[in-house]
Every structure is written in C-alpha cells, then in structure tokens.
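Chain identifiers are assigned alphabetically (A, B, ...) following the order of the sequence lines, protein sequences preceding nucleic acid strands; residue numbering begins at 1 within each chain. None of the values given here were measured: they were computed from a predicted structure.
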Amino acid sequence: MANIEPLPRAYESADVEKKWFPEWEKANCFHGDPASGKPGYSIVIPPPNVTGILTLGHVLNNTLQDILCRRARMKGFEVCWFPGTDHAGIATEARVVKYLKETENVSRDELGREEFIKRVWQWKEEFGGKIIRQLRTLGCSCDWERERFTMDEGLSAAVRKVFIRLYEKGYIYRGQRMINWCPAAKSALSDEEVIYKDVAGKFYYFRYPLADGSGYLTVATTRPETMFGDTAVAVHPEDPRFKNLIGKMVKLPLTDREIPIVGDQHADPTKGTGCVKITPGHDPNDFEVGRRCNLEVINIMNPDGSLNDLCPAEFAGMDRFAARDLCVKRMEEAGLLEKIEDITHAVGFSERGNVPIETLVSAQWFCKMGELAKPAIEAVKSGKIKFYPERWSKTYFHWMENIQDWCISRQLWWGHRIPAWYNEKGEVYVGEEPPAGDNWRQEEDVLDTWFSSWLWPFSIMGWPNGGKEEMAKFYPTNDLVTGPDIIFFWVARMIMAGCEFTGEIPFRNVYFTSIIRDDLGRKLSKSLGNSPDPLDVIKEYGADALRFSIAYIAPIGMDIKYSNEKCEIGRNFANKLWNACRFRQMQGDCSADCRKLPEGALSADENWMLAKLDAATETIENELENFRFHAAAHALYDLVWSDFCDWFVEAEKVPMRAGGEAKERALAVLDYALFRILKLLHPFMPFITEELAHRMGFVEEGKFLMYEEFPTTGSGRSNAGAAVAVDGKFELVRAGRFLRSSYNLPDGKKLKFHIKAANGEMLEFLSNELPSLKSLLNAEDIEISAEAFDPSRGAAVSQTVVCGVISLPLADLIDVDAEIARLKKQLADLDKWIAGTRARLANEKFVSSAPAQVVADTRSKLAELEQKAEETGKLLAVLGN
RNA sequence: GGGCGAUUAGCUCAGUUGGUUAGAGCGUUUGCUUUACACGCAAAAUGUCGGGGGUUCGAGUCCCUCAUCGCCCACCA
C-alpha cells in the first residue's frame, strides 16, 4: 500500500472534484473511438436549450446517464456519450430579443433578418451553452470533443435533406389550415406546444336580431370579440325551435353585415341556447361548419393578437382583451346583452410565450405523420425498443395511433430556414438551391425546433454526409434517458425519424426519469423561488453527494420530492466512505495485492464479508440492468454503511489487534473489499472513489479507477454456510447489546455475559468466535457453554436468539419487577405467534397446497418459537416466577 | 368523457413472481469524548398497509368497488 499522506479527518469535496475532471480529460478518458475493438455503447444526451442553465432536472437526468456510461466503460465497452445543445427557436429568439432591447434598445425588426441572426450567433457564442460547462462540474463523462449544436452546418444539412426527402415523398405539404397561433412569438405552433389550463371566464349571451325584424336569436360565447369574424349562426337541422329559420339572415350587431342562419349538426340543441355563432376563421369546429356550409372565412386578427381592419374602426388595432370588454359594453348599450355567466373553462396557452393562443386559419407547412408512425409503433410493440417504466408505452401508442399532421413552419428568424423557393409566377420549388433565373425567393419561415431534434441520434454522428464509422460503431444507441413530458415532442418523433431515415431504431431502451418537485410537492420554478441552483448545492455538499442523493431518493416512476437537506444522505455517505478508508490507512501497509484475496483459510467474518460483497454485486447488476437506479443506490449504501463499516470493520479489529499473520490477512481482505466497493460505487460517485483508489494505492498513478473492471459476482471464496453462522453471531451480539442498554449500562463498561449455545455445532463455532464476541460486546469475560446460566448464581436477564441464549448476570443491578413484566409480555407474544403458526400447520389445505419449502420453513419456525418460549419460561423461573 | 399513477410509521418512501412476526432514511427518546467517522456509535418506540367487498390454506401484494390527490389526452357555443 502506498501511504502518500494521511487522509484529513472529514471529507472535503471541493478540491477532489476540481482535480479529477481535468485529469480524466487530459488522459482522453471520455473519448469514444469508433475504431476500437471493444463493443460499442452509446447514449445521446437530450440536448438542453442553448439558453439554459443547469437545473435539478438536468442533474437527475445526466447523473443517470453518467452512471450508465461509466458502468459500461468499466464493463469493457467502447463508450461514447454524445453531448450538445438545441437551438430552441422560440425560446432563444425571445431571449435575444429581450437582451438586445435591454442592452442596445433595438428591436428585431429594426435590425433586420440578417443582422438579427448574426446577433443571435454572437449571443450564443458569448452566453450560450453555459449548461454544458456546468455538466462537467457534475462529472459527466461525455465525449466533449463531439459536442454538437442543432444549427451546426452538418446538422442543418441533415435537416434540409430530410425536408426535401419528405417533400418528394409527398409527406410534406403547404396548405391553409386551422393552426395554433402564438401572439407573443407571432408564429404558428404545433398542437404539442399548446397547454390547456383551466381559467375563470365568462359566458356572454348575445342577441343577434333577425334581419326581417321578426325577433332575435341568442348565442352564447366566451369570446365576444370574435363576433366580427362571424359568418353565420348555426342551429341543428332538426331542432323544432329553429328549423324554420334556416336560410333566413340575422344582422351581425356592431357591424352592417348580415349573416345567414345555417343548419348543421354541430349545433347541439341540448347545449346553451341551441344557437351557435360560427366563426370559421377562429375556431376549429366552426371552420368545419364553414366548410360544410360554404361560409366565408374571415381572419380578424393581426399577428400580435390585436384586432385588424376587418373589424369596426373603433376596434381596429385594439388588443383582443380590451376589445372583448369594449365589445360587451357596446352590446349592452345596444340592448343586445342578455346575460353573463361565470364559468371555468380550459384555455390553450402557448408553452413558451405563456399567453392564450389563437386558433386561426393560415398558410403553413405540414408533415403527414400516418405512414411514419407505423414502423415506430411496431418497434415498441415488438419489444425492439423497451420503455422503462413500461407503462409509458401506453401513452406512446395512444398518441401515435391518433397522430395528426405536424405543423412544422414557424414565423421566426432563428432556426433552419425552409428550403423552399417561390418565383414570381407563384411556383414552388423545394431543394437545396433554387433553380436558375425567375427571381426565386426563399421561404421566409423557419422549421420547428423539433424538426432538427428528431434527427439528433444520427445527425449528431455526422449523418448524412459522413460519420460512417460512428454510425457503424455507435448506432443504434443503447439507452435514452429523458423525461416523460417529451414523449410526443421528441421520443416518438426520434423513433419515427430513425426508422424512416436510417432504417433502424435510434435506441433500444428508453428510461423515463421522475419529475422533481419541492418538498411540498410543487413544481420547481423560478417564479416560486423553490428551484435550487445545483451549483450552490454542489458547493455546499459536493457533486458526488448530490449525484448519490438524487439517485438514492428518486423513486421508480414517480415524482421526486426534493429538498437540499436530502443531500446530507450523500454527503454523510461520502464522509463515511472516506473515514472507512482513513481507518484502513491508519492500520499501516499490507504486502498483499488488493486485486486478489490472500491465500489460505479466511476467518468466518471474512467469508461473511465476501458473501455480502457478492450479494451486493449481484443486486446492483440486476437493478441497473433494469434501470432501477435507486434500488442499486440503496444496495450500495447498505453494503458500505451497514455490512462493511458497522460489522466487518468492527469485527476485523480483533485480528488486527492480534497482529502477525492474522493482521496481514485482515488487512488484505479489507483492501480487497474496499477496492471492490470503490469500483461498484464509482459510477455513482466518480470523484471520491477515484481519489480514494489513488490515495489507498489501489490504482497506480497514470491509471484510473474509471477504467478498472466492473466487479462481477463471485470471488469464488465466499461461503454461504459460514455467512449464515456469522449472521447468527451478529444477532447474538445485538441481543447482548440490547441487554446492556435495557439496563442503562454504559457502552464503555466491561460486562460479563453467559451464552448457552443452541447445539454442539454452535458451541464450537461460538467458542472459536470468543475473542470477536468479547470485542463486539465490550465484555470482560464471556462464558460459553451447553448449559443455561445457573440460577443459583444469582439473577440474570437473557435474550434468546437462533444460535443460543445470551444472559447478563445482574448482581443486584436491575429492577426485577420490570424484567418480569418484560419477559411476560414477550412470552405472551410468543404464545400468540405459536398459536397462529400451529393453526396454519394444522390446516391440511395449507400443508397440501403450499410449496414444500414454505411448509418446512413454517415447521422450523414453529420449533424455533417453541424453543424461545421455553427459554423465556425458564428465565421467568429464574426470577422467581 | 378516456387513460395513467398514487394512498404503507410523525415526514419522505422501499416492499421483486401472493408465503415467517410489514422495512429503510429522516425525525423522536435513551445512553455514549469505545484509539475511522458527532457528516459518528449503540439501543428503543411508533403501523386497523385509504374504506368496503371478493378470490385463496394464506393478501400490503391478485380481482371488484368507493373515496381522496396528482398527471396526460380529448371536448367545451
């Protein structure tokens, strides 16, 4: 062992974490080499927005990816974790618009398209991608040389190629359709970018006079201001109240227009007044009615959501909400407002702009999805792609089987400009470059951000103009780790794109992470101020602590309730591990190799430790195979804290005190166990484990724990029988400690115990373990015999466990009455259990239908309980009962 | 309206295909300057497993039903 310098008393994460990342990077540890002979393993990062900063959601997501990558690396795979960022059209454009307003007081339109885009790029170079640098602080082992951006030339070429290909296939088309319009971004949105929220609103009942003066119809609306776009009033064709009015005209109030009364099944006689105002330009259902009844479509809105010139003069240019109020006022003045009802209704908001969207008819580009969805549905149905937790596949199928055309054009400047060209004759050409002549002008619109994201798993590797080697080695990727909130936006579309453009699924497993909430269950948000900055958390607790804590507390498939205090789990755990190593280091050098177990027989405790290591190794392997990160974290925590520190280290103090060969052997096993623990723990806590592996001399300078072989089950030396016996010994120790603490005898006081072994075999085993028992119980002396403690020697309290009865002679120290009461309660409990167990065994159906092993276990349990009861009875007798 | 999830100790949650007396961490209580660690050690207490019904020899676990909470999708003149 190379004792370079003594370890400090408490673990200080900052220096250690600062040190290792550059070391790993310098040694090129993160690079994924497509020419390697090892089998490939790859993950693509869900590209964070280039404007983004690290949140706890990213911490969770990327910690899990790093665990997978580091484990795969240690298992001998050539690992490549592809990092990068997303240009995030709307978000970034809005961000830079705001920035330019604040710094230079110029608007987007004042700068013009070309200049504005230049400024966005400048902003990106200066402020963007901060999140990527922050991921390094977390220890993420991405192949940083391969960082990509969705607007890079290569990725943009992929976007153009895909657009042209889909256009040529007839999947992409341009058309006038009802779309979602965001007045904040002044752009079209896809259906997925609209979020419905329940808000308080009002139902306004308006009277529309019949043109012939014979009366009026009452219509109800939540959107009075859209009345200027009304081109009909609909009633149900069979509604006896109104069917004779079909074909007549009503006067549209506040205007000089007359509009027809039409019959259409959309009007439900049981709802509202039975009469519906029809606004084909601003409502999807009304649009359909308009189509059926040949109605005019009037768009009454400007791109910013204000009313346009098609409305009465006093409304033109007015914001839609102000117009609503004025409209109601004017109707009231005209005596046409019948009533107003308060209601709660769902209103669509734009995801990014967080303002109510408008539905309106507009010329946009769409992509037909039906055919693309088919192989993507099959990929998940057949199990080629697996979802974890599996239930998300239901959400996926539901959406995919009802998939709608995707509105892919956006009226922004920041994004991939659509490779379509128009000439003066009104012709359209789609291609990389416009044809010669005819003054072809490129389409002004850009593409939805997700139109580049859906290509990410292969565009990031260089597709279609290169990256052949990368694709061969790393595509399809293995695992995808992402949030269930982007199943539609991203996951489903990536599967479709992969199948369509590469002929292969883009990944085999998708793990959906939990959503992080605060400890009150609220979503983390900047405005609530409940969103901790991960960098502050790292400063206070350490990156390893944050990583471990978050993996430890993340339940499977449910929301995580997070608070900074939870990071104490990881911080304390790191400190525990640190001190375990510190203790080992203080015991001095050992000549054995930590990669091998010492030759010759091991002690029972040492065998026990090996069995625990093997069990934990197997558990961790199984849990991680199934993406049960938290279960793996719990297994590691218990292995280190409980098995290794609480029991094994304490037990090994005996041979270490004995010195000589025993000490040498003990140290060798400690080293073996510690090294195994550091390897198992490395994917979760890379920094501290790398540091300790070097400090302890387990890994030589210039080499890295991160490239050590990940442990596999089977040291070949653990002995299950011995492990069970040692479990029994530890149970006996716990019983002895209970007796001590029951009578408030301080831990430091040396006591004398008597142990009655349960049988001859146990007598021999426990006698061998005498020094260990004395140490663990802090006993001055322990009598081990086949006989119970002789009551004539005085009062004693006892506990019965599987391997025997441990007694503590009291020599006038205790309250006899209290002890009698305790034993009586214990006896009563035992009797209850015995009765229950006997009843079960007396039940023929149980004996005949339960598995033989279960019946046998129940029998031996009954014997155990009966023996315990007998012993307890004897103890009561000792105390004079 | 359709779908999904949750309901277990004061709090946060485990509990794998039904099989001993339902667990952990935090918190609480008690005792510890035991020569790695007070970011620690030893020990203890706390549960009608949301309610009701059913299947079974046996149910926290499977089925039905009700309740409450949350999310997603659809609809909403």
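Distance, Glu401(A) CD to G2(B) P: 19 Å, rounded to whole Å. Taking atom NZ of Lys566(A) as the reference point, atom P of C39(B) lies 20 Å away to the nearest angstrom. Protein atom CZ of Phe730(A) is 12 Å distant from nucleotide atom P of A42(B), rounded to whole Å. Going from atom CZ of Arg517(A) over to atom P of C69(B) covers 15 Å, rounded to whole Å. Trp647(A) places its CH2 atom 19 Å from the P atom of U34(B), with the value rounded to the nearest Å. Distance Trp392(A) CH2 to G5(B) P: 10 Å, rounded to the nearest Å. What separates CZ of Phe629(A) from C1' of A14(B) is a distance of 18 Å, to the nearest Å. Distance Ile560(A) CD1 to C26(B) C1': 17 Å, rounded to the nearest Å.
Note on Arg740(A): every side-chain N or O is 4.0 Å or more away from OP1 and OP2 of A44(B). Within the 4.0 Å cut-off from OP1 or OP2 of A36(B), at least one side-chain nitrogen or oxygen of Lys653(A) is found. Here Trp578(A) does not reach the OP1 or OP2 of G40(B): none of its side-chain N or O atoms lies under 4.0 Å away. The shortest distance between the side-chain N/O atoms of Arg737(A) and the OP1/OP2 oxygens of A44(B) is not below 4.0 Å. The shortest distance between the side-chain N/O atoms of Lys845(A) and the OP1/OP2 oxygens of G58(B) is not below 4.0 Å. For G40(B), the OP1/OP2 oxygens have a side-chain nitrogen or oxygen of Asn572(A) closer than 4.0 Å. Contact annotation: Lys394(A) does not reach the phosphate of G3(B) (side-chain N/O to OP1 or OP2, under 4.0 Å).
The pairing partner recorded for C62(B) is G54(B), the criterion being a Watson-Crick or G-U wobble arrangement whose two distances lie under 3.5 angstrom. For C41(B), the paired base is G31(B) (Watson-Crick or G-U wobble, both distances below 3.5 Å). The base-pairing partner of A67(B), taking Watson-Crick or G-U wobble contacts with both distances under 3.5 Å, is U7(B). With both pairing distances under 3.5 Å, U17(B) is matched to nothing as a Watson-Crick or G-U wobble pair. C49(B): no Watson-Crick or G-U partner with both key distances under 3.5 Å is found in any strand. Searching all strands for a Watson-Crick or G-U wobble partner of C75(B) with both distances below 3.5 Å returns nothing.
Across the C1' atoms, G2(B) and G50(B) are found 25 Å apart, a figure rounded to whole Å. Taking the P atoms as reference points, U21(B) lies 35 Å from G31(B), given to the whole Å. The separation of C63(B) from U7(B), taken at their P atoms, amounts to 15 Å, rounded to a whole angstrom. Straight-line distance between the C1' atoms of C49(B) and C41(B): roughly 32 Å, to the nearest whole Å. Atom name C1', nucleotides G19(B) and A59(B): the rounded distance is 10 Å, in whole Å. To the nearest whole angstrom, the two C1' atoms, one in U29(B) and one in G10(B), are 14 Å apart. One P atom belongs to U12(B), the other to C57(B), and the distance between them is 39 Å to the nearest Å. Distance check on atom P: C62(B) versus A14(B) gives 15 Å, rounded to whole Å.
Within the nucleic acid shown, Arg734(A) comes within 4.0 Å of sugar-phosphate atoms alone, with no base atom in reach, counting heavy atoms only. Nucleic acid contact class of Phe203(A) (heavy atoms, under 4.0 Å, all strands): sugar-phosphate only. When heavy atoms are screened at a 4.0 angstrom cut-off, Cys645(A) is found touching base atoms of the nucleic acid. The residue Arg391(A) sits close only to the backbone: its heavy atoms come under 4.0 Å of sugar-phosphate atoms, none of a base. Residue-level contact check: Asp268(A) touches the bases, meaning some heavy atom is under 4.0 Å from a base atom. Nucleic acid contact for Ser849(A): base, since at least one base atom lies under 4.0 Å from a heavy atom of the residue. Residue-level contact check: Asn778(A) touches neither bases nor backbone, having no heavy atom under 4.0 Å from any strand. Nucleic acid contact for Ser848(A): none, since no nucleic acid atom lies under 4.0 Å from a heavy atom of the residue. As judged by a 4.0 angstrom heavy-atom cut-off over every strand, Glu844(A) is placed among residues making no nucleic acid contact. Within 4.0 Å (heavy atoms only), Lys271(A) reaches at least one base atom of the nucleic acid.
Nearest to the side-chain atoms of Ala346(A) among the listed nucleotides C37(B), C75(B), G70(B) stands C75(B). The Ala10(A) side chain lies nearest to C39(B) when the options are A24(B), C39(B), A42(B). Residue Arg840(A) has its side chain nearest to G19(B) when only G19(B), A14(B), G25(B) are considered.
A donor-acceptor pair under 3.5 Å is absent between the side-chain atoms of Asn626(A) and the main chain of Arg628(A), judged by distance alone. Distance alone, capped at 3.5 Å, is enough to place a donor-acceptor pair between the Arg740(A) side chain and the Asn778(A) backbone. A donor-acceptor pair is defined here as one N or O able to donate and one able to accept, closer than 3.5 Å; such a pair exists between the side chain of Asn579(A) and the backbone of Asn575(A). The backbone N or O of Pro771(A) lies less than 3.5 Å from no partner atom in the side chain of Ser775(A), so there is not a single donor-acceptor pair. Remark: the backbone N or O of Ala543(A) is paired with a side-chain donor or acceptor of Glu17(A) at under 3.5 angstrom. In this structure, Glu193(A) contributes its side chain and Ser190(A) its backbone to a donor-acceptor pair below 3.5 Å.
Rounding to the nearest 0.5 Å gives a distance of 4.5 Å between OG1 of Thr231(A) and CG of Leu295(A). With rounding to the nearest 0.5 Å, the separation of CE in Met227(A) from CZ in Arg324(A) is 13.5 Å.
Salt-bridge check for Arg223(A) with Glu358(A): passed, with a basic side-chain N closer than 4.0 Å to an acidic carboxylate O.
Residue Gln587(A) places no side-chain atom within donor-acceptor reach of the base of A36(B), judged by atom type and a 3.5 Å distance cut-off alone. The base of C37(B) lies close enough to the side chain of Lys576(A) for a donor and an acceptor atom to sit less than 3.5 Å apart.
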